[in-house]
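To start, the structure itself, in structure tokens.
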Number of protein chains: 2
Amino acid sequence: MPEALDRKGDRALYLQIADQLREQVVTGKLAPGSRLPSEHSLMAAYDASRDTVRKAIGVLKAEGRLDSERGRGVTVRTAPPVERLGSDRLARKHRKAGKGAYLADLEASGRTAEIAVTVSTEKASREVAARLGLKAGERVLVRSRRMLADGQPLQLAVSYLPLELVKGTQIEQHDTGPGGTYARLEEMGHRLDRFEERVTARMPSPDEAKSLDLGPGTPVILVARTAYAVGNRPVELCDTTMAADRYELLYEISAQ
Amino acid sequence: MPEALDRKGDRALYLQIADQLREQVVTGKLAPGSRLPSEHSLMAAYDASRDTVRKAIGVLKAEGRLDSERGRGVTVRTAPPVERLGSDRLARKHRKAGKGAYLADLEASGRTAEIAVTVSTEKASREVAARLGLKAGERVLVRSRRMLADGQPLQLAVSYLPLELVKGTQIEQHDTGPGGTYARLEEMGHRLDRFEERVTARMPSPDEAKSLDLGPGTPVILVARTAYAVGNRPVELCDTTMAADRYELLYEISAQ
DNA sequence: AAGTGGTCTAGACCACTAC
DNA sequence: TAGTGGTCTAGACCACTTT
């Protein structure tokens, strides 16, 4: 089955083996969910040492193509279902009456959704202060959320609001009520005008990987949102960390 | 310097070493650009084998925190400059007269920019046909670009346009002229209405890593854009692949 | 009990960089 | 030339899953 390896050339043995395995994965010859031959078989098939075979497998794990489990073997990773997150999710008219948009959308698609919330206050870091237009050291309300769908974690979100703005309001509670934080802000007279989202991606820290249950080779998408009230005052930040293989963000842009 | 390792516990030695090195990197005790002790020194410091030390370093390379070069040593990766890509880059009024927006923006910031373009025609794949509202097998014009700034590759972009729409126009040329493809389309009567961008991220293929000159542990951001003319007809696709550590996308969203 | 992947060691040779 | 990281091997023990 394996093609011949070039043992004299420049390209490392383990990279050549990785190339051959990758080829079989991307062409579907090794179907998603199927098992690879054991390390022992691959050693024999390629006449290579165990370390060399393991290194080849490690390359494909780092690319997010393979998973391995002790005692079970190495399998081709299956693509998880993808959430499409439209930019209209922030529109006023889409603010769900009953629960937050996250819960409503997911349960509409027939899945169980959970959110774990912790609320606290702290002094604004230099970065948070700058983004909210506060003086460093002013206090902010911090709402941390971990969202799950069907038991699987999908995203982590941390919101920051000027404490002076939200003290004594329902935004300090675990449940911010129908329509969520944004609905409460508007009721208080802070009519929202626009949102700004900055998007990038990177590899997760071990903590993030654990709490999002990320496989190796899975990056995270970072969305840093600022909500501006009419008059251009920033009233909320929301930094979201999501599993890149489980999300697709959709933005509409006018040509004007 | 190194703290004691737990040689009995559950956590693997190489992970404990990785933890200690990571701590030094994130706190800045090991500054960006600085060199780590050699593998030999680390072996002695931690009383571990070379493979174990190398595995610890490998963990941090996969996280995008360290780089290594044969003969030179292991260094803390320095953050590259970040391009901010605003969604207003697509607005009609921002269409630069002289050259494409990419070149104009970069040279305005005092850097040298290059684009390598190849143009061809091919039969639309099932996916491209679906996105462009064509029948599978209809021909499309394919424009592939590789953009560099100061010699460093920043992004790869592939555009697809219905051939029937652009046959015999300047869009088939390497240089599409002032204002680029979108300006030509509008001159031809296809007034643009809106763009849709779908954003996600994943680890690069080896080919992508090579042509974007990506270090290990650096994901790519994928932006799949569809340009719609008035009347909701899709007239162009543009799929962009960019180095995640060199880009930040900025979107403005109305609260309405 | 047998088979799987996970960790760790020791040693060898090589290619590259810096001096 | 000395020192660095890159590759490859061989063998050992362990933790876990499957049968």
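Since the model is a prediction, treat every value here as computed from it, not as a measurement. First the proteins, then the strands, lettered A, B, ... as listed; each starts at 1.
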Does OP1 or OP2 of [N] have a side-chain N or O of [X] closer than 4.0 Å?
X     : N     : result
B:S38 : D:dT4 : yes
A:K55 : D:dT7 : yes
A:Y14 : D:dC8 : no
A:K61 : C:dG5 : no

**Study point:** Contact pattern, 5' to 3', of nucleotides 9-19 of chain C - B, S or - by protein heavy atom under 4.0 Å
**Key:** B--B--BBSS-
[X] [atom1] to [N] [atom2], straight-line distance once rounded to whole Å:
X     : N      : atom1 : atom2 : value
A:H40 : D:dT18 : NE2   : C1'   : 18 Å
A:R11 : D:dT7  : CZ    : P     : 10 Å
B:D10 : C:dG6  : CG    : P     : 16 Å
A:L42 : C:dT4  : CG    : C1'   : 12 Å
A:Q16 : D:dC8  : CD    : C1'   : 13 Å
A:D67 : C:dG6  : CG    : C1'   : 15 Å
A:L5  : D:dC8  : CG    : C1'   : 13 Å
A:M43 : C:dG3  : CE    : C1'   : 14 Å

Exercise for review: Applying ring-ring contact (aromatic ring centres under 6.0 Å, His included), name anything that partners A:Y46, two or more places apart in sequence or on another chain.
Suggested key: none
Check your understanding: side-chain contact (heavy atoms from CB on, under 4.5 Å) with A:P37: which residues, sequence neighbours excluded?
Key -> A:S41, A:L42
**Study point:** side-chain contact (heavy atoms from CB on, under 4.5 Å) involving B:A12 - partner list, sequence neighbours excluded
**Key:** B:Y14, B:L15
Among residues at least two apart in sequence or on other chains, which ones pass side chain to side chain donor-acceptor pair (under 3.5 Å) with [X]?
X      : result
A:D239 : A:R131
A:R202 : A:E208
A:R84  : A:E248

**Study point:** Pairs involving residues 61-72 of chain A, ordered by first then second residue, that meet side-chain hydrogen bond (donor to acceptor under 3.5 Å, both in side chains) (sequence neighbours left out)
**Key:** A:R22-A:E63, A:K61-A:S68, A:E63-A:R65, A:D67-A:R77, A:E69-A:R72
Exercise for review: Using the side chain to side chain contact (heavy atoms under 4.5 Å, CB included) rule, take B:V140 and B:T121 through it: C-alpha gap first, then chi angles, then the decisive distance, then the call.
Suggested key: CA-CA 6 Å; B:V140 287; B:T121 71; over 6 Å; no
**Study point:** Residues A:R246, A:E83: salt bridge by 4.0 Å N-O rule
**Key:** no
**Study point:** Along DNA chain D (nearest heavy atom to each residue), the more 5'-positioned of A:L15 and B:R35
**Key:** B:R35
Review point. How large an angle, rounded to 10°, do the end axes of the helix from C:dA1-D:dT18 to C:dA18-D:dT1 enclose when each is built from five base pairs?
Key: 10°
Point to revise | Nucleotide nearest A:S68 when distance is taken to its side chain, options D:dT4, C:dG6, C:dT4 | key: C:dG6
